[in-house]
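Here's the structure we're looking at; comments come further down.
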Amino acid sequence: MTHDSRVVITGIGSVSACGWTASDLHRGLLSGVSAITHPKNFDTSGQKTSVVGEVPPAPETVTQKIPEWASLSKSDRFAVAAAIEAVEQSRLSTDLWAAGLFFGGSTGGMFECEEFFGRLLKTRSGHPGIRLQASQQINSPGDAVARHFKLTGPVQTVSSACASGTLALGMALDELRSGQCDVVLAGGSDSLCLLTFSGFNSLRSVDSRPCRPFRADRQGLSVGEGAGVMVLETLEHARGRGAVPLAELLGAGASCDANHMTAPHPDGMGAAAAIQSAIIDACISADQVDFINAHGTGTLQNDISECRALHEVFGLRAASLPVTSNKATIGHLLGSAGAIEAVSTVLCLIHGVIHPMPDEGDVDGQMELDIVLGASRPIAPESVAISSSFAFGGANAALVIAGWKRGTVG
Amino acid sequence: MTPRPSVVVTGIGVVSAAGCGAAPFAEALASSDLVRSSVDRSAGYHRENSSRTAVLSGGADLSEWISPSKARRMGQPSKQAVAAANMAVAQSGLESNDLDRAAVVVATSYGAADVTENILRQAMLEGPDAVSPALFTESVANAPAAQVAIALKARGPNLTIVQRQAGPLIALAQGVSAIVSGKSSIALVGAVDEVNPLLHSILDRFRALARPDDDGIETARPFDHRRSGFLAGDGAAVIVLETEDAARGRGARPLVRVRMTGRAFDPFAPRTGWSHDHDLLSESLRKSLFTNGVDTIDIDRLVTGGCGIGPGDRIEALVLRSLFGDAPLPPVLAPKGVTGESGGGFLGAAVLATTGSPFGPTPGFTHEDPELGVIPHDGHSLPDPTAVLATGFAAGGAAAWAVLEPVEP
């Protein structure tokens with residue numbers, strides 16, 4: 001398969017439990033210390049577990065850039081802040097008039113919606129003002145970004161649970177290749193809310209400690225919140241304005257297990273199909289992949305299924321291919337997980353290191369994988385990485401991202 | 001660059017207030033038979049003077065298309081989507097093996113409203129420990145798309161699009177993209193919505209719903225001078241997309257060709273409404289049609305999202321008037337007058353309109369709005385169309401459109 005256009009990443013932004021910038025994310029992930037802890041502004045009383053990856057309060061340097069701040073939901077704020085950072089880094093003029101936007105999310109303004117509903121049920125005090133519902137819809141964070149930057153191109157949100165962010169980046173790639181747009185913003189945003197935290201706890205899939213993907217004593221995931229946003233453009237467009245890409249989005253793939261609403265296929269068939277599809281789309285071979293930023297939730301079923309998928313795709317190489325998971329540090333950002341993990345993958349490629357997971361617990365003996373624990377690993381700047389997401393309902397998605405040797409464009 | 005392959009619709013399934021199947025749905029559109037139901041107000045969510053009716057599909061008998069044992073584990077959107085998908089696939093003549101790489105793309109505005117409300121009620125009234133795990137799995141917006149994939153073993157990309165009234169046509173664009181890019185050979189594209197009392201009461205608090213007439217009846221009145229809001233509506237529609245070559249190669253009869261799709265965004269629209277100025281969307285639509293080689297002179301039918309909400313109908317009308325300039329508008333269909341504000345109803349009506357299915361008079365239209373200058377279809381017999389422009393302008397600024405054409409047998 002060949003493509004008419006190459007697509008490059010020229011700006012990244014993120015909001016996470018590590019802080020309100022991609023630099024904060026990089027530092028946090030490099031530290032090998034989990035940011036998952038007891039929340040200050042999210043009520044976990046009555047829940048089976050009580051640690052989350054909560055975003056700290058926004059610094060003034062962020063809020064002052066967003067005049068509409070007061071009217072936005074939490075997930076809208078994460079989205080707009082991450083997008084501003086990405087656009088600033090891309091050095092695009094703020095006139096993004098013709099650009100499109102592809103976003104992923106799972107609950108939109110559900111946190112504020114819950115406040116409305118609690119007041120309606122009189123379990124919370126206050127008047128159930130309809131303003132609390134204004135950002136309720138799942139497309140609200142993406143729309144908020146489009147409104148902030150005055151985008152007029154295609155704007156759409158995908159909500160395929162935990163694969164949403166990765167699927168959004170894949171849709172953006174297709175759009176740029178099709179020639180419909182030269183520049184798009186793509187990513188995802190989600191905030192902590194009662195619905196998802198109670199739901200995952202009801203499934204008994206949340207670890208009472210910060211999650212430990214691929215470890216023998218793992219007990220489940222940790223729920224997090226935040227956003228990841230990228231500026232994507234055709235290489236031709238980037239060259240035309242003298243921009244230096246940070247990385248190249250080589251390919252995207254998607255599949256569905258079509259097997260079960262919550263459990264991944266035990267053999268990882270669907271996950272493997274998505275990764276293989278992304279590799280084919282990228283016009284590379286599996287041998288060219290240098291490391292994996294895994295979905296790695298820390299649930300018993302996901303991690304073993306993902307391990308099998310990696311062995312299916314990479315064969316004997318799977319045992320020596322470095323594998324990391326950001327969820328051990330920032331939690332599972334659900335609809336925006338794929339977006340922030342793609343941002344993290346770009347950070348690895350820019351800085352020439354693979355982010356480690358906190359070194360807690362022994363690796364599960366069933367996992368014949370080279371799990372990156374405790375300390376970062378050096379990688380070459382032209383390395384190729386897979387970033388993957390696997391969701392409720394069996395939706396699977398994967399991206400192939402390659403480093404960009406600085407100075408080759410411009 | 002190789003020419004884009006022709007993508008066609010080879011099957012359609014609909015679940016609506018008129019019942020289960022495309023045939024009763026088509027009959028309802030032909031007769032403008034508006035099936036209103038009273039919305040249950042017993043939970044106390046509604047204000048005293050709120051709207052009271054909606055076009056609800058919950059009573060449709062799905063048993064021919066989904067077994068009760070499977071349906072029991074699903075929320076209404078999932079079971080309706082699966083039933084509609086089974087209908088569409090049956091009409092297409094595809095075998096289950098053909099669907100292995102099929103993409104599933106489903107649009108929804110609010111997802112599983114009832115399940116979500118129930119989880120929150122459990123968590124808030126009884127405590128988080130009371131939340132049912134079975135409910136949680138059905139609360140995710142992609143549950144209908146996932147259940148369709150599970151039911152049909154469709155292992156291609158699985159996407160759920162959430163973009164309000166533009167969602168169904170964005171889903172159509174994504175389905176076409178999946179086929180044109182070669183990532184899937186078949187795409188099941190649909191839209192599904194569910195209206196429950198809580199959602200109905202919230203829409204009413206936004207003053208989005210039709211107010212009662214003097215005789216106490218709530219009518220949507222698309223494009224009418226007296227329009228006061230939409231009727232909330234729910235249901236599901238799913239269509240099967242494949243390349244025309246593949247369809248003809250297996251002896252299937254294509255129903256409709258998707259000539260082009262387009263999307264745009266109006267960043268000046270408020271979060272829950274529409275812009276006053278139509279110029280931006282008018283220019284986007286004009287450019288999109290031109291780029292795809294579509295001349296407005298070729299368009300002889302409009303399937304609008306006109307639903308009776310003041311600023312939404314207004315912007316759509318002004319965009320269409322701008323597109324056609326001094327020329328008279330082709331016949332304007334406003335199916336949401338019958339289906340209520342339902343994505344599935346809109347998608348199903350767009351496909352049926354292209355096949356030449358008759359449409360009755362637009363419910364409630366009696367007074368032309370002089371600013372809009374749109375007189376929707378009055379029910380007279382129309383010749384079969386040659387090109388249908390379907391448009392969806394969402395609250396919040398997103399917009400999508402498609403040009404559909406009938407296909408010669």
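Quick note: numbers below take in every heavy atom, side chains included, and nothing from hydrogens, waters or symmetry partners. Just so we're on the same page: letters track the sequence lines, and every chain starts at 1. These numbers were taken from a predicted model, which means no experiment stands behind them.
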Does any backbone or side-chain atom of [X] lie under 4.5 Å from a heavy atom of chain A? Answer side chain, backbone, both or neither.
X	result
B:Leu198	side chain
B:Val140	side chain
B:Thr272	side chain
B:Ala398	side chain
B:Ala269	backbone
B:Ser184	neither

Any salt bridge between A:Glu68 and B:Arg271, counting N to O under 4.0 Å? no
When only heavy atoms count and the cut-off is under 4.5 Å, which of residues 115-123 of chain B reach chain A? B:Thr116, B:Glu117, B:Ile119, B:Leu120, B:Arg121, B:Ala123
Which residues in residues 159-172 of chain B have any heavy atom lying under 4.5 Å from a heavy atom of chain A? B:Leu159, B:Thr160, B:Ile161, B:Val162, B:Gln163, B:Arg164, B:Ile170
I'd like to check the salt bridge (charged side-chain N to carboxylate O under 4.0 Å, His left out) partners of A:Arg124; sequence neighbours left out, ordered by chain and number. A:Glu115
Side chain, backbone, both or neither: which part of [X] has a non-hydrogen atom closer than 4.5 Å to chain B?
X	answer
A:Ser71	both
A:His148	neither
A:Gln137	side chain
A:Asp174	side chain
A:Leu120	side chain
A:Thr123	side chain
A:Phe197	neither
A:Thr262	side chain

Could you check whether the rings of B:Phe268 and A:Trp97 sit parallel, tilted or perpendicular, using 30° and 60° as the cut-offs? tilted
Which atom names give the shortest non-hydrogen contact between [X] and [Y], and what distance separates them?
X	Y	value
A:Asp143	B:Gly396	OD2-O, 4.3 Å
A:Ile138	B:Ala141	CD1-CB, 3.8 Å
A:Ser202	B:Val131	CB-O, 3.3 Å
B:Arg155	A:Asp257	NE-O, 3.7 Å
A:Ala395	B:Asn158	CB-O, 4.1 Å
A:Ala252	B:Lys183	O-NZ, 3.5 Å

Does the pair A:Gln136 and B:Ile202 meet the rule for a side-chain contact (heavy atoms from CB on, under 4.5 Å), with working shown? CA-CA 11 Å; A:Gln136 180 271 327; B:Ile202 290 170; over 6 Å; no
Working to the nearest 0.5 angstrom, can you tell me the gap between B:Met124 CE and A:Lys122 NZ? 14.0 Å
Separation of A:Gln180 CD from B:Ser177 OG (nearest 0.5 Å): 9.0 Å
Which of [options] touches chain B most, by non-hydrogen pairs under 4.5 Å:
options	answer
A:Pro128, A:Ser135, A:Ser106	A:Ser135
A:Thr196, A:Leu101, A:Asn396, A:Thr107	A:Thr196
A:Phe392, A:Phe200, A:Phe117	A:Phe117
A:Thr44, A:Leu151, A:Asn201	A:Leu151
A:Gln156, A:Gln47, A:Lys150	A:Gln156
A:Gly393, A:Ser205, A:Cys256, A:Ala254	A:Cys256

Against chain A, work out which of B:Pro133, B:Ser288, B:Gly111 has the most heavy-atom pairs shorter than 4.5 Å and name it. B:Pro133
Contact leader toward chain A among B:Ala43, B:Ala149, B:Pro157, B:Ala146, where contacts are heavy-atom pairs under 4.5 Å: B:Pro157
Step through the shown structure and confirm whether more than 12 heavy atoms of other residues, nucleotides or ligands are within 6.0 Å of CZ on B:Arg47. yes
Begin from the C-alpha positions of A:Gln133 and B:Arg205 and carry the test side-chain contact (heavy atoms from CB on, under 4.5 Å) through to its verdict. CA-CA 10 Å; A:Gln133 286 283 347; B:Arg205 285 167 191 256; over 6 Å; no
Does the side chain of A:Thr152 come within less than 4.5 Å of B:Pro267's, by heavy atoms? yes
Is there a side-chain contact between B:Asp129 and A:Lys48 (heavy atoms, below 4.5 Å)? yes
Strictly under 6.0 Å, is that where the ring centroids of B:Phe265 and A:Phe149 end up? no
Tell me the residues of residues 161-171 of chain A whose non-hydrogen atoms fall below 4.5 Å from those of chain B, in number order. A:Ala161, A:Leu167, A:Met171
Kindly say whether A:Ala258 contributes a backbone atom to a donor-acceptor pair with the side chain of B:Lys153 at under 3.5 angstrom? yes
